[in-house]
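Inspection log for the structure reproduced underneath, given as C-alpha cells.
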Amino acid sequence: MASISELHDRLGRREISAGELLEEQLTTIEEQEPRVHAYLRLTAELARAQAQAADRLFREGGPVGPLTGIPAAIKDVLSVQGVETTAGSKILAGYRPPFDATAVARLKAAGLVLLGITNCDEFAMGSSTENSGYFVTRNPHDPQRVPGGSSGGSAAAVAAGEAVYALGTDTGGSIRQPAALCGVVGMKPTYGRVSRYGLIAFASSLDQVGPLSRSVEDAALVLEAIAGVDARDATSADRPVDFLSELEAGVEGLRLGVPREYFQVEGLEPGVRSAVQEALRRLERAGAELVDVELPHTDYGLAAYYIIAPAECSSNLARMDSVRFGLRDESAPNLLESYLRTRRAGFGPEVRRRVMLGTYALSSGYYDAYYLKAQKIRTLIAEDFQRAFRDCDAIVSATAPTVAFEIGAKMNDPLAMYLNDVLTLGGNLAGLPGISVPCGTSEGLPVGLQVLTPHWQDARALRVARAYEMVRDAA
Amino acid sequence: MALLARLGLEPEEEEFYAAQLGGILAHIDRLREVDTEAIPPTAQVVPLANRLRQDEPLPRLSPEEALANAPETRDGYFVVKAIQDAGDA
C-alpha cells in the first residue's frame, strides 16, 4: 500500500486524481467492512466534494501540501462540523457538532478527504473497542480478535487499507496499543502538542490527539499538519513544529534506555518479549547503544492511572445531562429522574464503572486517600522518567504486553483489560511523546515496539522509530 | 455512589458493580505501600504558565447553532424537566 508521499507524487504528476483515489478507497471499504467493521459512519458525499476541491487545486496549480487529496478517517471523539459525532456512545446518538475540532480544522485546511468516522470504545474508555455502544470492530489480521482500543476503528481502518491515515486519541495508550495490535504506526505526541479543542473529553490532563498510519514518515506528515499552539486550548504549547528534518538521521550514537521493569510486567507474553528483543538487537547493530534504566514506580502506574482517569472522566461526563445535546428519556417526571434514566439508557458498563470509581475517588472523605495519593504517585512516575532520561535519549519497550486477544476474552475482568495499558499509560501520566512501530509477529499476530522520549522531543521518537523501520525492512 | 454520579442502576446491577469495583479498589490499595508524605501532587504534567488572550470578542455560535442539538427548546432557551414532580407544587 502506498505511503502519503508516494500518493502525493502520483497526484502531483496527475497519474491519478483525488476523485479516483477516493473511489478506490470507497471500494476497499465496501470490500473490507463486512469483515472489519471499522467505520461507524461514512461521509462519502463530503469526501467527494473535498476530493473535487483537491483536484481543482492540482489542476489549477493552487497551493497543495502533502495531505491534499489524501483520504483519511477520524475517530468518533473529534468534532466534525455537521457530521454525527457520538464518542462511541448511545448517549450522543444524533449529535452533530456545530464546529470542527482544531485538529480536524487543520486537516481540512491541509486538504483532507474525509472517508468517515471510526468506531471506538465508548468515550475512549477501553483497550479493545468492545465497549463501543454500537458494535465490535475486528482485527484485520484475525477477525475473531480485537483490534485493541480505544482507537480500534482507526487502527483497523489503516491496517485493512480502508484509509491512508487516521486520527486517534490516546489517554492511557489508546493510539499506541491498537496500532501495535493491528500492525500499524501510532503516535501520541507530547501533552500540549496538539490542541484538544473540540475533542470530546475523557481525562483532560492525559488526553492527546495523534495519527495512525502505515509508516513513520506518514505519522510525521500528519503530526506536522495538526500540531501547534491554539488559542482555544490553553494547554496547547507554543513550540516549534518540525518533525521531518531529523527523521532520517538514524540511531548511531543514540542511547536507548531499556527499562528492566517494562520487561518484567505481569502478563508479558514470551513471543512479544522476544520480538522486541530482536528489534533492539537490530537497533544496536544500526549503531544505537542499549543502556539499562530503571522506572521503579512502574508497579504503581496502573493504580494511579485508574484513579486519575476515572476521576477526570466522572467530572467531564457530568455534561451528558440530557439538556443541551444527546439522549433524553422523555418519561421522566422530574429533572433528577431525567438524569438517571437518560444516563442509564445512554451509558454502557465500562463508562458506569469509571464514573462510579471516579466519583468515589473524588468524594469527601476519600479524596486524600485516593485522588491526592494518585497525584503524588504521578509525581514519582514523572520523576522516574526524568531520571532515566539523564542516562538515555529514548526509552524502548513493547507497546502492549500481548498480541491481539480474542473477542470476549477480557470483557468480564476489568482489571485484566486494564493491564493492556501497563506499558503505555506511564507516557500519559508523565506527558511524554510515544510512538508504536510494528516489529514482527508473535503467534502470527503483530507486535509493537514503543519509543518514548522526553517532553517536546517528538521528532526524536519519530527518528528512532524510522531508524527501526529501515533496519526492519532491510532484513 | 451511583446516585451521586447520577447513574440510574437496578438493584442487581448495584451488586454486580460493587463486586467489580471492589476488585479494582483492592488493586488500587497497593498505592498505600508508597510513602508520599513529602511528595507534591501533580495535576498537570507539562509546566505551562497561565495563558491569557486579549479580551476581545471572537467568532461564536449563533443561538440557533447552540440550540440545534438540544432535545427541547423554547423561545431560544434550553428546556429542562421540572425539579419537582408535576403536581407536587
Side-chain angles (χ1 to χ4, degrees), chain A residues 94-96 98-99 190-192 205 231 234-235 237 297 299-300 302-304 306-307 314 318 322-328 330 332-341 343-344 347 352-353 355-357 359-360 363 370 372-380 382 414-415 418 429-431 455, chain B residues 1-10 13 16-18 20-21 23-34 36-48 50-53 58-59 61-62 64-73 78-88:
Chain A
Y95 172 64
R96 290 173 189 274
F99 56 87
T190 306
Y191 183 83
S205 81
T235 64
H297 294 92
D299 263 359
Y300 303 104
L302 188 74
Y306 275 96
I307 291 294
S314 72
S322 72
V323 173
R324 291 156 298 162
F325 34 68
L327 274 191
R328 173 186 287 189
E330 293 296 344
N334 59 43
L335 186 59
L336 177 60
E337 274 298 320
S338 176
Y339 294 152
L340 294 175
R341 292 185 194 180
R343 287 159 70 89
R344 175 180 165 69
F347 286 153
R352 292 178 201 196
R353 267 193 290 274
V355 167
M356 278 191 278
L357 194 57
T359 305
Y360 180 69
S363 59
Y370 289 110
L372 189 65
K373 183 85 181 178
Q375 286 190 309
K376 291 177 169 188
I377 303 286
R378 187 175 187 180
T379 304
L380 294 171
L415 206 54
Y418 297 170
L429 288 170
H455 290 150
Chain B
M1 201 50 60
L3 180 63
L4 185 61
R6 299 294 184 255
L7 298 168
L9 294 187
E10 299 293 325
E13 285 181 306
F16 171 75
Y17 287 114
Q20 282 193 335
L21 292 174
I24 297 167
L25 286 170
H27 176 86
I28 286 169
D29 276 340
R30 68 171 59 186
L31 295 182
R32 291 188 196 171
E33 295 165 13
V34 187
T36 52
E37 195 59 40
I39 308 297
T42 295
Q44 212 282 82
V45 79
V46 176
L48 286 170
N50 273 346
R51 292 236 321 273
L52 305 175
R53 65 168 174 86
L58 293 174
L61 297 180
S62 67
E64 292 73 28
E65 288 171 314
L67 291 166
N69 280 290
E72 193 181 353
T73 63
F78 296 108
V79 175
V80 297
K81 294 278 179 183
I83 289 172
Q84 292 179 314
D85 289 1
D88 277 8

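Note that the coordinates shown come from a computational prediction; the quantities given were computed from them, not determined experimentally. Here is the naming used below: chain letters follow the sequence lines, and residue numbers restart at 1 for every chain.
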If one checks every heavy atom of B/Leu7 against chain A at 4.5 Å, the contacting part turns out to be both
When the 4.5 angstrom heavy-atom criterion is applied to B/Glu65 and chain A, the contacting part is both
Closest heavy-atom pair, B/Gly8 versus A/Arg352, reported as atoms and distance to 0.1 Å, is O-NH1, 4.5 Å
### Task
Could you walk me through whether B/Glu13 and A/Arg344 pass the side-chain contact (heavy atoms from CB on, under 4.5 Å) test, one step at a time?
CA-CA 11 Å; B/Glu13 285 181 306; A/Arg344 175 180 165 69; 2.6 Å; yes
**Message:** Between B/Lys81 and A/Glu330, does any NZ, NE, NH1 or NH2 come within less than 4.0 Å of an OD or OE carboxylate oxygen?
**Reply:** yes
Turns out that what part of A/Arg341 lies under 4.5 Å from chain B's heavy atoms comes down to neither
Smallest heavy-atom separation, B/Asn69 atom then A/Arg96 atom, equals ND2-O, 2.8 Å
For A/Ser322 and B/Pro71 the tightest heavy-atom approach is O-CG, 3.5 Å
Output for pair (B/Gln20 CD, A/Leu357 CG), nearest 0.5 Å, gives 11.0 Å
Ranked by heavy-atom pairs below 4.5 Å to chain B, first place among A/Ser205, A/Ala234, A/Gly94, A/Ser363 goes to A/Ala234
Honestly, the part of A/Phe347 sitting under 4.5 Å from a heavy atom of chain B is side chain
Point to revise | Neighbour count >12 (heavy atoms, 6.0 Å) for atom CZ, B/Arg32 | key: no
TODO: Could you walk me through whether A/Tyr370 and B/Asp29 pass side-chain contact (heavy atoms from CB on, under 4.5 Å), step by step?
DONE: CA-CA 9 Å; A/Tyr370 289 110; B/Asp29 276 340; 3.5 Å; yes
If you tally heavy-atom pairs under 4.5 Å between each of B/Val46, B/Ile83, B/Thr42 and chain A, the highest tally belongs to B/Thr42
With chain B, the option among A/Gly192, A/Ala237, A/Pro414 that has the most non-hydrogen atom pairs under 4.5 Å is A/Pro414
Under 4.5 Å to a heavy atom of chain A? For B/Glu37 that would be backbone
Greatest number of non-hydrogen atom pairs under 4.5 angstrom with chain B, of A/Leu429, A/Val323, A/Leu415, A/Leu336, falls to A/Val323
### Note, B/Leu4 side chain near A/Met356 side chain (heavy atom, < 4.5 Å)
no
Pair count under 4.5 Å, heavy atoms only, with chain B: among A/Ala304, A/Ala430, A/Ala231, highest is A/Ala430
When the 4.5 angstrom heavy-atom criterion is applied to A/Ser314 and chain B, the contacting part is neither
Turns out that what part of A/Thr235 lies under 4.5 Å from chain B's heavy atoms comes down to both
With chain A, the option among B/Leu58, B/Thr73, B/Leu21 that has the most non-hydrogen atom pairs under 4.5 Å is B/Leu21
Here the pair of heavy atoms bringing B/Val45 nearest to A/His455 is O-CE1, 3.7 Å
So, the part of B/Ala43 with a heavy atom under 4.5 Å from chain A: the answer is both
Residues B/Ile28 and A/Tyr306: closest non-hydrogen pair is CD1-O, 3.8 Å
Okay, B/Leu9 and chain A: the region with an atom under 4.5 Å from a heavy atom over there is both
- Message: Between A/Arg328 and B/Glu72, does any NZ, NE, NH1 or NH2 come within less than 4.0 Å of an OD or OE carboxylate oxygen?
- Response: yes
* Asked: Is a side-chain N or O of A/Lys376 found less than 3.5 angstrom from the main chain of B/Val34, in a donor-acceptor match?
  -> no
Test side-chain hydrogen bond (donor to acceptor under 3.5 Å, both in side chains) on A/Tyr300 and B/Glu33 and set out the steps. CA-CA 9 Å; A/Tyr300 303 104; B/Glu33 295 165 13; 2.7 Å; yes
Scanning both residues in full, the closest heavy-atom pair of A/Thr359 with B/Ala5 reads OG1-CB, 3.4 Å
dist A/Leu372:CG -> B/Ile39:CD1 (nearest 0.5 Å) comes out at 11.5 Å
